[in-house]
Trainee: 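Here it is, the structure in full.
When a ligand or atom number is given, it counts from 1 through the structure's own listing order.
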Amino acid sequence: MPPSNDNFFTKRHILMKKALITGITGQDGAYLAELLLEKGYEVHGLKRRSSLFNTDRIDHLYQDPHTENRRFILHYGDLTDSTNLIRIIQQVQPDEIYNLAAQSHVAVSFDSPEYTADADALGTLRILEGIRLLGLENKTRFYQASTSELFGKVQETPQTEKTPFYPRSPYGVAKLYAYWITVNYREAYGIYACNGILFNHESPLRGETFVTRKITRALSRIKLGLQDCLYLGNMDAKRDWGHASDYVKMQWLMLQQEKPEDYVIATGEQHSVREFVEIAAQTLDMKISWQGSGIAEKGVNSESGDTIIAIDPHYFRPTEVDSLLGDPSKAKAQLGWTPEIKFKELVSEMVDRDYEEAKKDLLCRNNGFEIASRHE
Ligand code: NDP
Ligand code: GDR
């Protein structure tokens with residue numbers, strides 16, 4: 001008889017570390033799940049119900065529920081539903097919880113501020129309360145996905161663990177609550193709880209509406225004639241961009257220390273959105289010349305003369321975070337961490353993957369199949 005789906009309590013499972021990842025279907029969730037499986041963990045993930053499949057990033061890890069000794073188990077749930085969260089935590093009895101789930105898009109948080117606060121701020125509280133209500137304070141370690149968006153209107157450069165916060169979006173403000181409630185539950189109840197203050201990190205798995213992926217995807221499609229123009233907002237914004245696969249290693253390391261602490265994770269290198277466009281274009285062997293300035297600025301393909309980059313004020317944010325640059329000295333000194341993947345390698349990995357995807361679309365189109373040209 002196949003094992004019951006709920007029977008996690010065999011001898012093997014008692015010896016094996018168990019992790020619960022919220023946001024397992026997202027970019028970081030996918031990389032972290034892979035890492036923890038490699039390390040021999042039993043990995044549980046929270047996934048939302050959706051009308052279409054939403055597990056593309058983790059389908060390669062899927063194990064049929066009837067498989068014996070499964071180490072990858074998904075549970076339906078939502079950060080806005082505390083009874084469901086508590087039931088899952090009770091059932092799994094995790095050694096580690098990684099709270100990666102969030103409405104993570106800064107621009108969208110201006111459109112959906114209340115939902116963003118519910119999921120990103122109160123969602124964090126709900127998990128911490130679950131740990132407390134279930135008496136797991138001495139068993140379950142907790143990682144909170146905090147963000148450089150906490151620094152917002154920056155008070156000093158580069159930003160460290162001691163730099164004052166000044167969030168500039170409903171997302172940043174919700175994450176500020178999550179940051180402090182994590183610190184508070186650590187101090188009040190002795191829970192091993194850490195904030196990773198992560199600067200932007202990207203990969204071929206990055207959501208298509210974040211600026212890096214939007215650029216690598218659009219330029220690949222423009223190169224192959226599948227799209228005419230890429231519309232962007234603030235091209236002067238500067239970010240400290242790293243690779244997600246490097247950053248999830250830090251999430252794990254933070255929970256393996258003697259004492260829980262908060263860490264800035266960044267590369268210490270900064271680039272503008274315009275520079276990101278230029279390097280992605282170079283990787284694709286496309287030459288862009290810039291003309292005009294302000295919202296009239298445009299990028300013209302030097303060979304064809306076509307305008308391939310233009311500004312759409314729709315993408316400007318009511319309050320912008322102009323410039324972020326992290327100082328990861330504490331993580332380097334205490335956790336021995338250095339990011340392995342450099343900026344240019346990151347851009348070229350993303351471009352290569354998106355160019356391959358675009359070629360598949362071109363093949364479909366050339367063979368008479370209609371392809372949706374979605375870009376936001
Ligand atoms: P993604 O947007 O790729 O993934 C977010 C995940 O959260 C998805 O699995 C999503 O599910 C899930 N989710 C969203 N809302 C809910 C909800 N109400 N209940 C349960 N699950 C929900 O984000 P990243 O992987 O890039 O980031 C991971 C975390 O790190 C986020 O909290 C983000 O705010 C934070 N962060 C990210 C940084 C970055 O540069 N990537 C930098 C600093 C912090 P679904 O797939 O169904 O949408
Ligand atoms: P960010 O990432 O807001 O830093 O949040 P995003 O890629 O959305 O924006 C970075 C910068 O690029 C500018 N920009 C555009 N952004 C988007 N999305 N689309 C555009 O067309 C565009 N044009 C210019 C933005 O104004 C901004 O300045 C990400 C998320 O992953 C958060 O969850 C995380 O906390 C932070 O990184 C650290």
Side-chain angles (χ1 to χ4, degrees), residues 21-33 45-50 52-58 75-81 84-85 98-109 112 115-116 118-120 122-124 126-127 143-152 167-169 171-172 174-175 178-179 195-203 205-215 218 230-244 247-248 251 265-266 272-274 276-277 309 311-317 319-324 326 375-376:
I21 304 175
T22 72
I24 198 162
T25 57
Q27 170 188 253
D28 288 13
Y31 280 105
L32 181 65
L46 188 77
K47 73 164 176 176
R48 297 197 282 183
R49 194 269 155 184
S50 73
L52 293 170
F53 287 129
N54 60 353
T55 53
D56 282 13
R57 292 178 174 114
I58 48 170
H75 306 257
Y76 279 111
D78 199 295
L79 281 192
T80 59
D81 180 348
N84 149 280
L85 290 171
Y98 295 86
N99 183 31
L100 308 185
Q103 190 303 93
S104 74
H105 204 285
V106 173
V108 171
S109 79
S112 294
Y115 171 71
T116 303
D118 194 0
D120 298 12
L122 294 181
T124 307
R126 290 181 184 110
I127 297 175
Y143 172 85
Q144 169 57 19
S146 284
T147 164
S148 50
E149 284 295 296
L150 295 172
F151 300 119
R168 294 270 280 171
S169 63
Y171 167 80
K175 286 281 188 175
Y179 172 93
N195 283 289
I197 307 172
L198 270 56
F199 282 61
N200 298 54
H201 45 280
E202 321 292 312
S203 73
L205 299 186
R206 185 57 143 153
E208 290 90 342
T209 62
F210 296 97
V211 77
T212 55
R213 185 80 201 285
K214 183 171 164 179
I215 293 166
L230 162 63
Y231 292 94
L232 291 171
N234 177 13
M235 289 209 290
D236 294 315
K238 296 194 179 88
R239 290 291 184 273
D240 178 333
W241 278 297
H243 196 295
Y247 285 36
V248 298
Q251 299 174 352
I265 306 301
S272 67
V273 171
R274 190 181 290 95
F276 194 104
V277 171
I309 320 265
I311 304 290
D312 179 349
H314 166 77
Y315 296 113
F316 292 150
R317 295 170 183 183
T319 40
E320 172 67 297
V321 171
D322 295 316
S323 173
L324 291 171
H375 36 92
E376 247 184 77

Trainee: Quick test: of every protein heavy atom, which one is nearest to atom 6 (C) of ligand 1, and how far off is it to 0.1 Å?
Mentor: Gly23 CA, 3.6 Å
Trainee: Which of these, Thr80, Asn99, Asp28, has its nearest heavy atom closest to atom 24 (P) of ligand 1?
Mentor: Asp28
Trainee: In a check of ring-ring contact (aromatic ring centres under 6.0 Å, His included) between His201 and each of Tyr31, Trp241, Tyr247, which one passes?
Mentor: Tyr247
Trainee: Evaluate the side-chain proximity of Tyr98 to Val248: yes if any heavy-atom separation is below 4.5 Å, no if none is.
Mentor: no
Trainee: Select the closest option to atom 31 (O) of ligand 2 among Glu149, Arg206, Lys175, Glu202, judged by heavy-atom distance.
Mentor: Arg206
Trainee: Asp240 side chain to Gly326 main-chain N or O, any donor-acceptor pair under 3.5 Å?
Mentor: yes
Trainee: Out of Ile197, Leu150, Val211, Val277, who gets a non-hydrogen atom closest to atom 22 (C) of ligand 2?
Mentor: Val211
Trainee: Ignoring hydrogens, just give me the one of Arg317, Arg168, His105, Lys214 whose non-hydrogen atom is nearest atom 8 (O) of ligand 2.
Mentor: Arg317
Trainee: Would you mind listing which atoms of ligand 2 come within a distance below 4.0 Å of any non-hydrogen atom of Ala237?
Mentor: 28 (O)
Trainee: Need the ligand 1 atom indices (1-based, order shown) with element for anything under 4.0 Å from a heavy-atom of Tyr115.
Mentor: 15 (N), 16 (C), 17 (C), 18 (N)
Trainee: Can you sort out which atoms of ligand 2 are near Asn200, meaning under 4.0 Å from one of its heavy atoms?
Mentor: 1 (P), 2 (O), 4 (O), 29 (C), 37 (O), 38 (C)
Trainee: What atoms of ligand 2 come closer than 4.0 angstrom to any heavy atom of Val273?
Mentor: 12 (O)
Trainee: Quick one: does Glu208 get within less than 4.0 Å of ligand 2, heavy atoms only?
Mentor: no
Trainee: In the protein, which heavy atom is nearest to atom 48 (O) of ligand 1, and how far is it?
Mentor: Arg48 NH2, 2.7 Å
Trainee: Any idea which atoms of ligand 2 are less than 4.0 Å away from a heavy-atom of Glu320?
Mentor: 25 (C), 26 (O), 27 (C), 28 (O)
Trainee: Please confirm whether Phe316 approaches ligand 2 to less than 4.0 Å, judged on its heavy atoms.
Mentor: no
Trainee: So which of Thr124, Asn99, Asp78 actually passes side-chain hydrogen bond (donor to acceptor under 3.5 Å, both in side chains) with Thr22?
Mentor: Asn99
Trainee: Please state which protein non-hydrogen atom is closest to atom 21 (N) of ligand 1 and give its distance, to 0.1 Å?
Mentor: Ala101 CB, 3.4 Å
Trainee: Check whether any heavy atom of Thr22 sits under 4.0 Å from an atom of ligand 1.
Mentor: no
Trainee: Answer with yes or no whether Ser146 contacts ligand 1, where contact means a heavy atom under 4.0 Å from a ligand atom.
Mentor: yes
Trainee: Note the single closest protein heavy atom to atom 3 (O) of ligand 1, along with its residue, its atom name and the distance in Å.
Mentor: Gln27 N, 3.1 Å
Trainee: Which ligand 2 atoms does Val106 reach within 4.0 Å, using its non-hydrogen atoms?
Mentor: 3 (O), 5 (O)
Trainee: Under 4.0 Å from a heavy atom of Gly233: give me the atoms of ligand 2 that qualify, with their elements.
Mentor: 21 (O), 22 (C), 23 (N), 24 (C)
Trainee: Judging by distance only, is a nitrogen or oxygen of Ser148 under 3.5 angstrom from one on ligand 1?
Mentor: no
Trainee: Between the candidates Val248, Leu85, Asp78, which shows the shortest non-hydrogen contact distance to atom 17 (C) of ligand 1?
Mentor: Asp78
Trainee: Please identify which atoms of ligand 1 are closer than 4.0 Å to at least one heavy atom of Arg206.
Mentor: 26 (O), 39 (C), 40 (O), 41 (N)
Trainee: Considering the heavy atoms of Ala102, write down every atom of ligand 1 situated less than 4.0 Å from one of them.
Mentor: 5 (C), 7 (O), 13 (N), 14 (C), 15 (N), 31 (C), 32 (O), 34 (O)
Trainee: Once you restrict to heavy atoms under 4.0 Å, what part of His105 touches ligand 1? Side chain, backbone, both or neither.
Mentor: neither
Trainee: Checking a contact table here: which protein heavy atom is nearest atom 46 (O) of ligand 1, and how many Å away?
Mentor: Thr25 OG1, 2.6 Å
Trainee: May I ask you to list the atoms of ligand 1 that are less than 4.0 angstrom from any heavy atom of Thr147?
Mentor: 43 (C), 44 (C)
Trainee: Assess Lys47 for proximity to ligand 1: is some non-hydrogen atom of it under 4.0 Å away?
Mentor: no
Trainee: Taking all non-hydrogen atoms of both residues, which atom of Leu232 and which atom of Val211 are closest, and how far apart?
Mentor: CD2-CG2, 3.9 Å
Trainee: Could you pull out, from Ala107, Gly26, Ser104, the option with a heavy atom nearest to atom 33 (O) of ligand 2?
Mentor: Ser104
Trainee: Check ligand 1 against Leu198 and write out every atom of the ligand that is under 4.0 Å from a heavy-atom position of the residue.
Mentor: 42 (C), 43 (C)
Trainee: Relative to the heavy atoms of Asn200, which atoms of ligand 1 are at a distance of less than 4.0 Å?
Mentor: 40 (O)
Trainee: Pick whichever of Phe199, Tyr171, Tyr31, Trp241 has a heavy atom sitting closest to atom 33 (C) of ligand 1.
Mentor: Tyr171
Trainee: Give the minimum heavy-atom separation between Ser146 and Asn195, together with the two atoms involved.
Mentor: OG-OD1, 2.7 Å
Trainee: Under 4.0 Å, heavy atoms only, figure out whether ligand 1 is touched by the backbone of His201, its side chain, both or neither.
Mentor: both
Trainee: Kindly indicate whether the side chain of Asn234, heavy atoms from C-beta on, has any atom under 4.5 Å from the side chain of Arg317.
Mentor: no
Trainee: Heavy-atom contacts under 4.0 Å between Asp312 and ligand 2: side chain, backbone, both, or neither?
Mentor: neither
Trainee: So is Tyr247 close enough to ligand 1, meaning a heavy atom under 4.0 angstrom away?
Mentor: no
Trainee: Find all atoms of ligand 1 within a distance of less than 4.0 Å from any non-hydrogen atom belonging to Asn54, and give their numbers and elements.
Mentor: 47 (O)
Trainee: Any idea which atoms of ligand 2 are less than 4.0 Å away from a heavy-atom of Tyr171?
Mentor: 32 (C), 33 (O), 34 (C), 35 (O)
Trainee: Among protein heavy atoms, which sits nearest to atom 23 (O) of ligand 1, and what does the distance come to when rounded to 0.1 Å?
Mentor: Ser104 OG, 3.6 Å
Trainee: How close does the nearest protein non-hydrogen atom get to atom 31 (C) of ligand 1, and which residue and atom is it?
Mentor: Leu100 O, 3.1 Å
Trainee: Report yes or no: does Ser148 have a heavy atom closer than 4.0 Å to ligand 2?
Mentor: yes
Trainee: Students should be able to answer this: which protein heavy-atom is nearest to atom 4 (O) of ligand 1, and at what distance?
Mentor: Gly26 CA, 3.4 Å
Trainee: Return yes or no for this condition: an N or O of Thr212 is under 3.5 Å from an N or O of ligand 2.
Mentor: no
Trainee: If the cut-off is 4.0 Å to any non-hydrogen atom of Ala145, which atoms of ligand 1 fall inside it?
Mentor: 29 (C), 30 (O), 32 (O), 35 (C)
Trainee: Could you tell me whether Thr147 and ligand 2 have an N or O pair separated by under 3.5 Å?
Mentor: yes
Trainee: Given Leu79, Asp240, Leu205, which has its nearest heavy atom closest to atom 19 (N) of ligand 1?
Mentor: Leu79
